[in-house]
**Student:** 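Below are the structure tokens for one structure; questions will follow.
Naming: A, B, ... by sequence-line order, numbering from 1 per chain.
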Amino acid sequence: MKWNGWGYSDSRFLFNKKGQAEFTGKRYRLSGMIIPGLKDWMEGTFGASLQHKAPATPILNSTAVQPATINEAFVEEVKATTIPFSVEAEDRVFRAHGHCLHEIFALREGKIGRVPDMVVWPSCHSDVVKIVELASKHNVCLIPYGGGTSVSSALECPPEETRSIVSLDTSQMNRILWIDEKNLTAHVEAGIVGQDLERLLNESGYCTGHEPDSMEFSSLGGWVATRASGMKKNIYGNIEDLVVHVKMVTPRGVIEKSCQGPRMSTGPDVHHFIMGSEGTLGVVTEVTLKIRPMPEYQKYGSVVFPNFEQGVACLREVAKQVCAKSLSCFFWHALKPQVSSIFTSFLDGLKKFYITKFKGFDPNRLCVATLLFEGDREKVLQHEKQVYDIAAKFGGLAAGEDNGQRGYMLTFVIAYLRDLGMEYYVIGESFETSVPWDRVLDICRNVKARIIRECKDKGVQFPPLSTCRVTQTYDAGACVYFYFAFNYRGLSDPIHMFEQVEHAAREEILANGGSLSHHHGVGKLRKEWMRETVSDVGLGMLKSVKDYVDPNNIFGNRNLL
Amino acid sequence: MENKATYSHTDPMLKKRDEFEDMLEERRNSSDFRYALKCYTPVVYKNLTPCDANSLKSMVLQSDQLHYVISQVSKETGRTREDLQEEASGIIEEMAHRLQLSTVRFFAFALCKVFKTLFKSICVNEDGIQRLQQAIHEHPVVLLPSHRSYMDFLLMSYILYTYDIALPVIAAGMDFMGMKVVGEMLRMSGAFFIRRSFGGDKLYWAVFSEYVKTILKNGLAPVEFFLEGTRSRTSKSLTPKLGLLNIAIDPFLKGEVFDISLVPVSISYERILEESLYAREMLGVPKPKESTSGLFKARKVLSEDYGSIHVYFGQPVSVRQLAEGRVNRCQFSLTPRYIPMRPNEDVQTFVNDTAYRLVRAQEENMVLKPWVLLATILLQAEDLERGIPLEELTEQALWLRDLCRQYGGFLHWPDHMTPSEVISSSLSLHHGLVRLSEGNVYLALSGEAQSGPVSPEEQVLSRAVPVLSCVSYRNQALHVFVRPALLATAVHTSASNNKQDIFNTFSFLRNMFCNEFILCPNATVQDFEEACFLLVKTGVLQVSQQEMVVTPRGHRTMSFLSRLLLPFVQGYQVVCAFLCEKASDTLTEKEFVQAIRKFVIKQLLSGTLRYPEVLSSDLQKNAFAALLRLGAVHKVKSVDQTGLKINKVTVNSLEDTLGGKLPTPKASVARL
């Protein structure tokens with residue numbers, strides 16, 4: 001794993017000696033491939049140039065790391081429990097950040113702020129109980145760490161924290177404890193990483209179907225703590241639909257329900273204090289999840305629309321008619337064609353001619369939807385037809401299975417692109433929201449325009465990339481992703497400026513009826529808006545729970561509230 | 001004065017304004033015919049999806065908002081939806097524009113000819129045109145011209161056509177439709193017609209607002225309307241009407257567009273076509289109903305010289321910027337946007353402030369001609385009939401010119417001419433209003449010979465006609481002086497030099513006159529400080545921590561300023577006096593206008609009142625509205641008429657306070 005970028009150390013984009021873009025490694029479908037359009041796109045969109053590099057600090061300089069504040073008594077007692085721990089600089093720095101732009105940018109520049117003073121690796125629920133008890137006893141600050149894929153500054157250590165900060169890494173709690181085939185549930189330790197969970201379940205013929213873009217690295221406990229959402233949620237549901245039972249260790253003790261009943265009317269659901277608590281109340285240790293037999297049949301697909309408006313209208317119609325219960329899954333690209341054409345070949349040869357010349361699509365406005373159908377064969381084919389029929393009514397043209405599958409792959413690879421950009425003075429970020437259907441187009445237009453406007457006002461030399469896509473559909477609305485990137489050459493404090501623009505964009509989202517977050521969470525990055533988001537009373541409710549569960553702020557990451 | 005440190009004025013003298021170009025000049029040198037047929041390819045809104053007049057209508061008829069309102073109305077009245085849908089189609093047929101380039105070309109041709117005969121020049125700030133073009137490309141645009149003449153909107157379209165700018169659709173009053181052919185012609189040149197009053201008619205409102213919003217949201221064309229609602233007969237800007245502005249701002253507040261640009265346009269006429277028509281109307285001769293034949297009769301005006309027109313396209317104002325930090329747009333995300341909602345208080349205040357701001361922007365860019373200053377001076381003469389000796393007039397005019405410039409007035413004084421040339425050319429352009437004989441300049445009070453025996457009352461009225469015309473020119477400059485004038489009057493009427501006392505009086509006067517002048521609500525302190533700044537800057541007042549004292553050389557300015565306001569002060573006093581002394585308990589709102597006119601005529605005849613301009617029904621109505629607002633008069637509605645209940649104690653004390661006989665009550669708005 002990279003210490004200052006996304007994903008595996010062997011996988012990255014680079015420009016080879018011939019100046020061609022290439023994706024290294026062997027892990028992905030794209031690995032080892034040359035991507036011809038990428039260079040032109042970088043140059044054309046951002047005004048970036050291969051001559052102007054902004055290289056990262058290659059290795060971590062441990063002298064730049066603040067010495068650890070050690071709570072000796074706590075360490076002594078941890079030693080006695082034989083739970084492994086470390087005070088090595090590298091271990092501590094690795095767990096001091098998520099993947100927000102400012103976090104990665106600082107690492108690349110070799111700047112390191114407050115980091116945890118110690119890392120512990122509990123290997124089971126009872127280890128966690130011991131650690132939390134000791135932390136309470138010695139007044140040590142605990143920050144749970146799962147996959148480290150946060151994009152809400154949730155893992156940043158509060159600079160004002162004076163106590164010893166201990167990062168509680170759940171990665172060793174990664175076993176499936178049992179699978180119940182009668183009830184179709186699995187009981188899993190919370191540190192398990194998404195792809196391992198899916199692989200292990202697959203070996204028994206099952207799956208959860210929860211596939212967030214970060215599933216290669218993010219953990220089950222992290223999903224629960226942030227209310228995660230996956231690409232296939234239309235079929236399988238979001239994390240809150242999948243969870244049957246949760247165990248969480250808090251300074252007050254362990255919270256869990258007494259049975260595994262599929263639904264209960266027992267007052268407000270205490271699971272909802274846990275889901276989205278973002279590590280402020282305790283550590284999720286074990287989760288019972290719904291599972292399903294692996295799908296009999298999978299089919300990818302894709303549709304090209306003449307413009308974003310038609311595409312959204314089609315998605316809305318599909319959400320209405322095929323509805324969430326059905327076994328189909330969509331996600332959606334409204335990226336400029338150049339971007340997706342880098343990876344998908346939907347506009348090659350005859351097809352390109354057909355779409356642009358014969359059908360009269362404007363190549364600068366068209367957009368692509370990628371589809372994935374799952375379930376039994378008959379149903380899949382039936383749904384496929386239904387969806388293509390609806391698409392045709394909105395001017396959509398089927399663009400083939402292959403493009404669908406490539407588009408699907410793109411989701412996992414896109415995060416690597418940012419690291420390439422940063423090598424060449426391009427910084428970027430994505431952020432999301434959820435919004436009612438009738439506001440989707442308005443919010444997309446206004447937020448994109450706001451970004452462009454803010455960049456211009458702040459003196460960004462090159463026009464920024466400001467684009468969006470619809471990634472999830474619901475009965476009552478959709479999840480929208482925004483992508484924002486620009487070339488920062490000539491700016492003295494690009495990160496500060498970037499944050500101002502991102503802030504303005506979030507204000508714009510809220511003013512247009514969008515939510516503070518669909519699934520990334522609040523962390524510290526967005527907590528200034530919590531009060532207006534949930535009202536005074538709502539915030540008071542959450543605070544009083546925190547005050548009861550963790551009066552000494554042992555879980556002191558200061559997220560959310 | 002806690003915020004003194006943070007408070008600073010930009011000197012109005014330093015206001016930067018664009019240069020003008022005469023657009024008639026080219027017309028005089030090249031073919032009008034070719035001009036009318038010229039290639040017209042305006043810049044349009046960047047996100048425009050073209051849409052013709054018919055699909056616009058069906059977009060409106062099929063809108064969610066209209067469907068919602070139809071089902072509401074259907075529930076309330078029991079009428080069927082089909083029936084209501086039909087009515088809606090009827091409304092939109094009656095309302096919708098049918099903009100056609102050919103008609104515009106025809107008008108362009110005809111107007112060219114007319115304008116060239118009537119006017120010396122039509123001057124336009126071309127930088128403003130460029131800004132407008134840019135604005136139209138970026139965002140939906142609302143054009144907000146001032147309204148002084150019937151000509152305004154044809155003139156606007158004519159200018160925009162000439163400069164190759166997208167033609168606006170224009171909200172016009174239904175009374176134009178009375179003129180059959182012309183009404184349809186106007187429709188084809190972009191006018192859409194709205195009924196003057198449709199208070200409770202939900203369906204009408206829904207069709208109308210959706211029509212305007214659809215045009216704006218899609219950026220189909222700039223939307224043009226008059227903030228003042230109607231032509232100002234007095235050349236003073238009118239209190240803005242908020243209905244259309246509310247509609248126009250709504251798509252922004254609800255996130256349906258990224259931004260909307262509001263462009264104030266100031267149209268100043270050196271001589272107003274309707275000059276004496278307006279004066280007569282103010283004096284009670286009802287305005288003639290608009291008719292085609294009436295328009296032809298107006299042909300006689302063609303033989304006159306009406307000087308020049310100045311059209312100033314102001315800086316586009318971004319609604320987004322104005323709303324920043326003032327309106328929380330989240331409030332609109334809890335209800336479906338097609339459900340019409342009463343704007344909450346924040347939004348109302350915001351729209352109201354925006355409207356005032358725009359009217360002030362119009363005022364600021366109104367071009368003042370030397371004649372405006374001459375009219376101001378002539379009206380202040382000791383004796384209107386004797387007038388003022390020419391040399392004295394010249395001297396005073398030069399003095400006032402400098403004052404006007406110092407206060408930021410947009411004065412077009414031709415500096416290349418000698419003062420006496422300037423004055424004699426002004427006087428000759430307005431030869432109908434003013435006479436020069438034996439070295440004296442005076443108003444042409446006995447101008448029009450009347451046949452048959454004339455009663456003294458009729459004589460008073462007919463002599464008031466030129467006075468009111470003159471007043472309408474003086475009024476053009478009022479916005480420059482009104483704040484200092486209120487302060488000057490406050491200094492004169494206050495019992496002491498105490499600053500707080502003076503502020504109280506200022507605040508009282510300002511409150512009293514806010515139907516009369518454009519004085520933005522909630523800006524009392526700001527206006528006071530602006531007035532102080534100007535008077536201190538020009539060395540008229542000395543302000544210390546506690547006191548405000550007139551400097552020895554400030555007396556001239558002070559007396560000029562308070563005399564400027566005096567007709568209004570006295571006029572309001574007369575209205576008060578009438579209500580206290582003469583009004584019977586059975587007086588109705590309708591009878592008020594007639595009764596007060598009689599009362600004023602008597603006062604004028606008896607010599608207790610000096611100012612014939614008090615006869616202006618505009619002033620009387622404004623005074624009445626102020627008294628209603630202040631709770632001194634109440635309307636009592638009965639079946640067939642609206643009676644008036646007068647609180648004589650309050651009216652009496654207002655009258656005395658205006659006259660300085662009673663100390664002003666503590667300012668309720670704010671302490672200084």
**Student:** Name the region of A/Arg450, side chain, backbone, both or neither, that has any atom closer than 4.5 Å to a heavy atom of chain B.
**Tutor:** both
**Student:** Contact part of B/Asp259 toward chain A, heavy-atom cut-off under 4.5 Å: side chain, backbone, both or neither?
**Tutor:** side chain
**Student:** With a cut-off of 6.0 Å (strictly less than), are more than 12 heavy atoms of other residues, nucleotides or ligands near CE of B/Met341?
**Tutor:** yes
**Student:** I need the minimum non-hydrogen distance between B/Arg337 and A/Asp438, along with the two atoms involved.
**Tutor:** NH2-O, 2.6 Å
**Student:** Quick one: does A/Glu508's side chain get under 4.5 Å of B/Arg320's, heavy atoms only?
**Tutor:** yes
**Student:** State, to 0.1 Å, how close B/Phe258 and A/Arg453 come at their nearest heavy-atom pair, and which atoms those are.
**Tutor:** CE2-NH1, 3.4 Å
**Student:** Minimum heavy-atom separation for B/Gly255 and A/Asn446, please, with both atom names.
**Tutor:** O-ND2, 2.9 Å
**Student:** More than 12 heavy atoms of other residues, nucleotides or ligands under 6.0 Å from CD of B/Glu345: yes or no?
**Tutor:** no
**Student:** Take atom NE2 of A/His272 as the centre, draw a 6.0 Å sphere, and report whether it contains more than 12 heavy atoms from other residues, nucleotides or ligands.
**Tutor:** yes
**Student:** Output the distance between atom NZ (B/Lys254) and atom CG (A/Asp442), rounded to the nearest 0.5 Å.
**Tutor:** 11.5 Å
**Student:** So does B/Tyr338 have more than 12 non-hydrogen atoms from other groups sitting under 6.0 Å from OH?
**Tutor:** no
**Student:** Are there more than 12 heavy atoms of other residues, nucleotides or ligands under 6.0 Å from atom CZ of B/Arg131?
**Tutor:** yes
**Student:** Taking all non-hydrogen atoms of both residues, which atom of A/Gly513 and which atom of B/Ser333 are closest, and how far apart?
**Tutor:** CA-CB, 3.4 Å
**Student:** Minimum heavy-atom separation for A/Arg445 to B/Glu256, with atom names?
**Tutor:** NH2-O, 2.5 Å
**Student:** Taking atom NZ of A/Lys456 as the centre, report whether more than 12 heavy atoms of other residues, nucleotides or ligands fall under 6.0 Å from it.
**Tutor:** no
**Student:** Given heavy-atom pairs under 4.5 angstrom as the criterion, report whether the side chain, backbone, both or neither of A/Glu532 touches chain B.
**Tutor:** side chain
**Student:** Identify which part of B/Phe332 has an atom lying under 4.5 Å from any heavy atom of chain A, answering side chain, backbone, both or neither.
**Tutor:** both
